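What follows is a set of notes on a single structure, which appears directly below.
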Amino acid sequence: MNERFFNRHEFKYVISEETATQMLEAIEPHMKRDRHTNETAHYRISSLYFDTRENLFHDEYLRAEQFRQKLRLRVYNQPTLMDPCFFEIKKKFKGFVSKRRARLTLKSVYDWLADRITLQDLCEAFPLEAHVLREIGFLRQHYRLEPRVVIAYIRQAHVGIFDEDLRVTMDRQLTRRTTLLEPHLGCDPAHDDLYLPTGRVVLEVKSSGTIPLWLAGTLSRLSCRKQAFSKYSTSYSPPEVNDTAVESDRRHA
């Protein structure tokens, strides 16, 4: 899959650790760990989300609008200022996701956000990213977008052995912070709040085509219930999951 442009379906589920273990066992014959992960198929993702002062993008999710969009700056693991980052536009229409992203250095993005350089300077420094950068520049100006929150988590990622457009990811330890809005700083317990209950895992299935029958059957067998879940919007209203609900999910798993 092109690392700058994605068009695919995404399905999300919130499951227990027991169900996650069973899912990993089921996908092992069909999938391999993502090449960007460590030996246990994990890496860390930190994203700075932008929104209007009135939280327009968050409200679009709450209203279940057919068309929704996000702007975020994403980094992997704990990079330096000169390491790559991705400035991303993510749009969703009737369940179909389109994502475009520009590969830049963190320092260049921070300089642009702080008005130390112009959009034109950025386009000249990264000519292959100019088209996406101009769209990002338009969104920032049109909506008057501001940095709002840093969302971070640990991702376990697998791709299809014969179809690398098929991805299964599991996200844990979801945290948010509204200060120190620089995603490369990593997790700081003094500023980052854990907002998904312990024992919960966000499972995502992503594919540009149809989900294979073996995976659809596994999801059904493990009683994985598809649901709307936005890491950005959920961070404003964390779900309340009590022990009874967790035990119920374990029995179904």
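In this chain, residues are counted from 1 in sequence order. Here the structure is a predicted model, which is why all the values come from computation and not from measurement. Both backbone and side-chain heavy atoms feed into the values below; hydrogens, waters and symmetry mates do not.
- With sequence neighbours excluded, no residue forms a side chain to side chain contact (heavy atoms under 4.5 Å, CB included) with Phe162.
- With sequence neighbours excluded, the residues satisfying salt bridge (charged side-chain N to carboxylate O under 4.0 Å, His left out) with Asp34 are Arg167.
- Sequence neighbours left out, the pairs with a member in residues 42-58 that pass salt bridge (Lys or Arg N to Asp or Glu O under 4.0 Å) are Arg53-Glu146.
- Using cut-offs of 30° and 60° for the angle between ring planes, the Phe96 and His9 rings count as perpendicular.
- Scored by the salt bridge (charged side-chain N to carboxylate O under 4.0 Å, His left out) test, Lys231 finds Asp171, Glu204 as partners (sequence neighbours excluded).
- Ring orientation note: the planes of Tyr236 and Tyr232 are nearly perpendicular, at an angle over 60° on the 30°/60° scale.
- In the model, Ser108 has no side-chain atom that pairs as donor or acceptor with a side-chain atom of Asp111 under 3.5 Å.
- Remark: Asp115 pairs with no residue by the side chain to side chain contact (heavy atoms under 4.5 Å, CB included) rule, at least two apart or across chains.
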Extract all donor-acceptor atom pairs below 3.5 Å that involve side chains of residues 25-32 and protein atoms in other chains or at least two apart in sequence.
unit_1, atom_1, unit_2, atom_2, d
Lys32, NZ, Glu164, OE2, 2.8

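- Hydrophobic clustering, with ILVMFWY side chains joined whenever heavy atoms are under 4.5 angstrom apart, keeps Leu185 apart from Val149.
- Residues forming a side chain to side chain contact (heavy atoms under 4.5 Å, CB included) with Glu129 (at least two apart in sequence, or on another chain): Arg4, Ala102, Arg103, Leu104, Phe126, Leu133.
- Ring to ring, His36 and Tyr43 are not that close: their centroids are 6.0 angstrom or more apart.
- Annotation: side chain to side chain contact (heavy atoms under 4.5 Å, CB included) contacts of His191 (sequence neighbours excluded): Arg177, Thr179, Leu180, Asp188.
- Under the rule for a salt bridge (charged side-chain N to carboxylate O under 4.0 Å, His left out), Glu182 has no partner lying at least two apart in sequence or in another chain.
- Scanning for salt bridge (charged side-chain N to carboxylate O under 4.0 Å, His left out) contacts around Glu60 gives an empty result, with sequence neighbours left out.
- Under a 4.5 Å side-chain heavy-atom cut-off, the cluster of Ile, Leu, Val, Met, Phe, Trp and Tyr residues that includes Tyr61 is completed by Leu62.
- Applying the side chain to side chain donor-acceptor pair (under 3.5 Å) test to Arg134 and every residue at least two apart in sequence or in another chain returns nothing.
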